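Comments concern the structure below.
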2 protein chains.
Amino acid sequence: MTGLRERKKQRTRDSLIRVSHELFVDKGYDETTVDEIADAVDVSQRTFFRYFASKEAVAFALQDEVESQFIDAVADRPADEAPLRALRSALDANWSRIGDAIQEVVPISVHMRLSQVIETTPSLLAVQMRRASETEDRLVTVLATREGLDPREDPRPRVLVALFAGVMRAAGRQWSAGDDITVESQRRAVEQCMDLMGPVLSDDWSARPSRTES
Amino acid sequence: MTGLRERKKQRTRDSLIRVSHELFVDKGYDETTVDEIADAVDVSQRTFFRYFASKEAVAFALQDEVESQFIDAVADRPADEAPLRALRSALDANWSRIGDAIQEVVPISVHMRLSQVIETTPSLLAVQMRRASETEDRLVTVLATREGLDPREDPRPRVLVALFAGVMRAAGRQWSAGDDITVESQRRAVEQCMDLMGPVLSDDWSARPSRTES
DNA sequence: AGATTAGTGTCAGCCGCTGACAATTGACAA
DNA sequence: TTGTCAATTGTCAGCGGCTGACACTAATCT
């Protein structure tokens, strides 16, 4: 059983996340002040910074969990799966479970709209991409371990992860540019871009229509 | 013939770039204050911000030119080259010309060490990656035009560029992790990673040693 | 209940960055 | 040459993000 102190802390933390995300979505990130967030949750600004190292950090608090979950899922894939296959499988397996942890803190709709805010706010986009590169590093380690390789000598894990991350980003851009802001459409965008990895590297681009038009 | 006013401006701008880069390399980015840069160039802090929108901007002033040059080179490739081939050719063609524009403002050694500083400074790394994504967008437009495609309907240009950018980043990481901080080793890293794009996507990773070991 | 410890609020201050206004300096014509 | 105009710069005040120091409050342990 957790003590009162700990529960209180968790409540404060969740409130800071929820309130800040709502403000970001409503007024925009740059237009939201840390003081406003702190006031709305009724704590001091100083306390906010004891929970989150920066204003950016609170915006990515939930993505943290999503990413960790994905990494674990990759590590748990059977060892005989090819590397790229393992990544896609982990994606598939986690797809449904992703939303649950989020919904306990923030409505999914807010979370989805926050994704858009992140893509359209330069400072947040920058942080998101740096975070992505950190996730890449963790993935490289996991994959290299699976294949029994040393990532310092063999660049293949790093290259594969870079390609994978690139595709994920391309899918993210495509999704956030459209108007169907749902988990399903997100999933569809990812799968479509994944399927194009092979064809796109070939020399012949003539008359191969994308799936959206066929 | 340019007027005195314009020449003075150019001199100030170059000085700000040179001095700031040297300070970043010597003391680190976070440890360098805008006031210090301004003082060293003997202008007011306010003037610094009239030349550069942010402290980050001055750190990427030279990369701006490099990237624009690359984009132009891609656009100038013959139309019958396959997309990926065009990217690699543009890279090759520009490789030697890159350093010249830089050396006029900052010694190459400083520029190379700054690349390392960027990779190891979280806030700068974030900005670099956002900038990379903007470059990607421009490349997508160029490639789509070359192939006569609409990037909104056909995701293939975006996916290819994402893969290309991913490989470039993987190469950059690998290079900046090593101790040979020269243009040649940078070039070698890029080419090695490029050559791995195809193999890495295949299902068979067994016993294919990387080029560094063979 | 009293001592201990964790969590919070307050205050002062640094740094990045911006608007406003006045002072300076190069450009250009009378 | 001189006077006018426009561009560039410096100064000042102020906001927002963020941090260290210290006192205060409240949960935990004995």
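These values consider heavy atoms only, across backbone and side chains, with no hydrogens, waters or symmetry-generated copies. Predicted model, so just to flag it, every value in this text is computed and none were measured. Below, read A as the first sequence line, B as the second, and so on, with proteins coming before strands; counting in each chain starts at 1.
Checked for salt-bridge contact, A:Glu134 and A:Arg138 miss the test: no charged N lies under 4.0 Å from a carboxylate O. Ionic pairing of A:Arg188 and A:Glu184 is not present here: no N-O contact between side-chain nitrogen and carboxylate oxygen is shorter than 4.0 angstrom. Residues A:Arg173 and B:Glu136 are not paired through a salt bridge, judged by the lack of any N-O separation under 4.0 Å between the basic side chain and the carboxylate.
Computed from coordinates, the A:Asp42 CG to C:dG7 P distance equals 19 Å when rounded to whole Å. Spacing between atom CD1 of A:Ile37 and atom P of D:dG16 amounts to 13 Å, rounded to whole angstrom units. Straight-line distance from the CG atom of A:Leu16 to the P atom of C:dG7: 15 Å, rounded to whole Å. A straight line from CG of A:Asp35 to P of D:dG14 spans 18 Å, rounded to a whole angstrom. Atom OH of A:Tyr29 is separated from atom P of D:dG16 by 14 Å (rounded to the nearest Å). In this entry the distance linking CZ of A:Arg7 with P of C:dA6 reads 19 Å, nearest Å.
In this structure, the separation between CG on B:Leu125 and CZ on B:Arg130 is 12.5 Å, given to the nearest 0.5 Å.
Between the side chain of B:Arg146 and the backbone N or O of B:Glu81, at least one donor-acceptor pair lies under 3.5 Å.
Residues from residues 44-61 of chain A that place a heavy atom under 4.0 Å from any atom of DNA chain D, listed by number: A:Gln45, A:Arg46, A:Phe49, A:Ala53, A:Ser54, A:Lys55.
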Nucleotides 27-30 of chain D: which of its N/O atoms have a protein N/O under 3.5 Å away?
| unit_1 | atom_1 | unit_2 | atom_2 | d |
| --- | --- | --- | --- | --- |
| D:dA27 | OP1 | A:Lys8 | NZ | 3.1 |
| D:dA27 | N3 | A:Arg5 | NH2 | 3.4 |
| D:dT28 | OP1 | A:Leu4 | N | 2.8 |
| D:dT28 | OP1 | A:Arg5 | N | 3.1 |

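Residue contacts for A:Thr32: at a heavy-atom cut-off of 4.0 Å it reaches the sugar-phosphate backbone alone, with no base atom in range.
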